[in-house]
Amino acid sequence: MAVVPLLLFGGLWNAVGASSLAVVTCGSVVKLLNTRHNVRLHSHDVRYGSGSGQQSVTGVTSVDDSNSYWRIRGKTATVCERGTPIKCGQPIRLTHVNTGRNLHSHHFTSPLSGNQEVSAFGEEGEGDYLDDWTVLCNGPYWVRDGEVRFKHSFTEVLLSVTGEQYGRPISGQKEVHGMAQPSQNNYWKAMEGIFMKPSELLKAEAHHAEL
């Protein structure tokens, strides 16, 4: 899959200074920070040497790595229109921008911690129902300043980091895996990226609240 320069995305909007509309929306391309371990969700064309053998997903400390961008999309077999605010409790897909594979989990054991493996799966953004993750947060919408959890819609594990670190060929990167129990290890926050302008519906709601 060809890499699409981020500057080509249309309808761009930055929510800084507009707190009433600072929501995360479908079509946005973001980096996700694990707030406990200060690493960003990352993938690359390196496969696991065990488990599923699928493309690995890790956590990196670098802020500038282009392999940490993920596009927010609707759940499998659905279309989420660009700019639609993501609701708390909504299932989504996270598609890795540079390889076109979706954040994925299944009943394989992760290589370092023995938790549930998290991988990147599919081709050109199309995979299967094991690519769906439910956004857990407080309030009606996923807001940019808020911490959220991602619960795998089928196996119900939470996307987590507990600090295990890989050696070569990805030295220093942290294992990302799924855990059954909620903890500080499974909080994430939207950081750098391109945030699509919220839909007219949310604008109308914000305007009504101001009256």
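Note that the structure is a prediction, hence the values are computed from the model and not measured. The basis for the numbers below is simple: all heavy atoms, side chains too, and nothing from hydrogens, waters or symmetry mates.
- Here the OG1 atom belonging to T78 is positioned 7.5 Å from the CG atom belonging to D132, to the nearest 0.5 angstrom.
- Formation of a donor-acceptor pair under 3.5 Å by the T109 side chain with backbone atoms of G114 is not found in this model.
- Note on V148: it clusters hydrophobically with V30, by side-chain heavy-atom contacts below 4.5 Å among ILVMFWY residues.
- Under 3.5 Å, the side chains of H106 and T155 contain no donor-acceptor pair of N or O atoms.
- Interatomic distance, M191 CE to L33 CG, rounded to the nearest 0.5 Å: 5.0 Å.
- Side-chain atoms of N38 do not come within 3.5 Å of backbone N or O of T61 as any donor-acceptor pair.
- Taken together through direct or relayed side-chain contacts under 4.5 Å among Ile, Leu, Val, Met, Phe, Trp and Tyr, V135 and L159 form part of one hydrophobic cluster.
- In this structure, the side chain of T25 engages the main chain of M196 through a donor-acceptor pair within 3.5 Å.
- For the atom pair T134 OG1 and F154 CZ, the distance stands at 13.0 Å (nearest 0.5 Å).
- No option in Q184, H177, R149, Q181 other than H177 meets the side-chain contact (heavy atoms from CB on, under 4.5 Å) test with S160.
- Remark: the S113 side chain and the E164 side chain contain no N/O donor-acceptor pair separated by less than 3.5 Å.
- H44 is listed as a side-chain neighbour of S56, based on a closest heavy-atom distance under 4.5 Å.
- The distance from the CZ atom of R82 to the OG atom of S28 is 10.0 Å, given to the nearest 0.5 Å.
- Under a 3.5 Å cut-off, the side chain of S110 and the backbone N or O of L112 do not form any donor-acceptor pair.
- At a threshold of 4.5 Å between non-hydrogen side-chain atoms, the residues N115 and V157 do not count as touching.
- A 6.0 Å sphere centred on CG of N138 holds no more than 12 heavy atoms belonging to other residues, nucleotides or ligands.
- With hydrogens and angles ignored, the 3.5 Å screen pairs a side-chain donor or acceptor of N102 with a backbone N or O of G125.
- With contacts defined as side-chain heavy-atom distances shorter than 4.5 Å, the pair K31/Y69 qualifies.
- Between E123 and R101 there is a salt bridge, with a side-chain nitrogen of the basic residue lying less than 4.0 Å from a carboxylate oxygen of the acidic one.
- Atom OG of residue S62 and atom NE2 of residue H42 lie 8.5 Å apart, to the nearest 0.5 angstrom.
- You'll find the side chain of N34 stays beyond 4.5 Å of the side chain of K174, heavy atoms only.
- Residues R40 and V63 are in side-chain contact: their nearest non-hydrogen atoms beyond the backbone lie under 4.5 Å apart.
- Between S119 and Q54, the shortest heavy-atom contact is OG-OE1, 2.6 Å.
- T76 approaches D128 most closely through the heavy-atom pair OG1-O, 3.0 Å.
- Shown here for L130 and H152, the closest heavy-atom pair between the two residues is O-NE2, 2.8 Å.
- V161 approaches V176 most closely through the heavy-atom pair CG2-CG2, 3.9 Å.
- Within a 6.0 Å radius of CZ in F108, more than 12 heavy atoms belonging to other residues, nucleotides or ligands are found.
- Hydrophobic clustering (ILVMFWY, side-chain heavy atoms < 4.5 Å, transitive): L41 and I86 are in one cluster.
- For the pair Y48 (side chain) and V118 (backbone), a donor-acceptor distance under 3.5 Å is present.
- Hydrophobic clustering of Ile, Leu, Val, Met, Phe, Trp and Tyr side chains at less than 4.5 Å, counting indirect connections, unites Y166 with V39.
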Please walk me through it: do I92 and C80 pass side chain to side chain contact (heavy atoms under 4.5 Å, CB included)? CA-CA 9 Å; I92 63 169; C80 185; over 6 Å; no
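- With a 4.5 Å cut-off on side-chain heavy atoms, K151 and L158 count as touching.
- Among the candidates F195, F150, W188, the single residue satisfying the ring pair (Phe, Tyr, Trp, His ring centres under 6.0 Å) test with W142 is F150.
- In this structure, V24 and V143 approach most closely via the heavy-atom pair CG2-C, 4.2 Å.
- Scanning all heavy atoms of the two residues, the minimum distance from S105 to Q116 falls at OG-NE2, 2.9 Å.
- Looking only at side-chain heavy atoms (C-beta outward), Q55 and D45 come within less than 4.5 Å of each other.
- Rounded to the nearest 0.5 angstrom, R36 CZ and N185 CG are separated by 5.0 Å.
- Counting heavy atoms from C-beta outward, N67 and H96 have side chains that approach closer than 4.5 Å.
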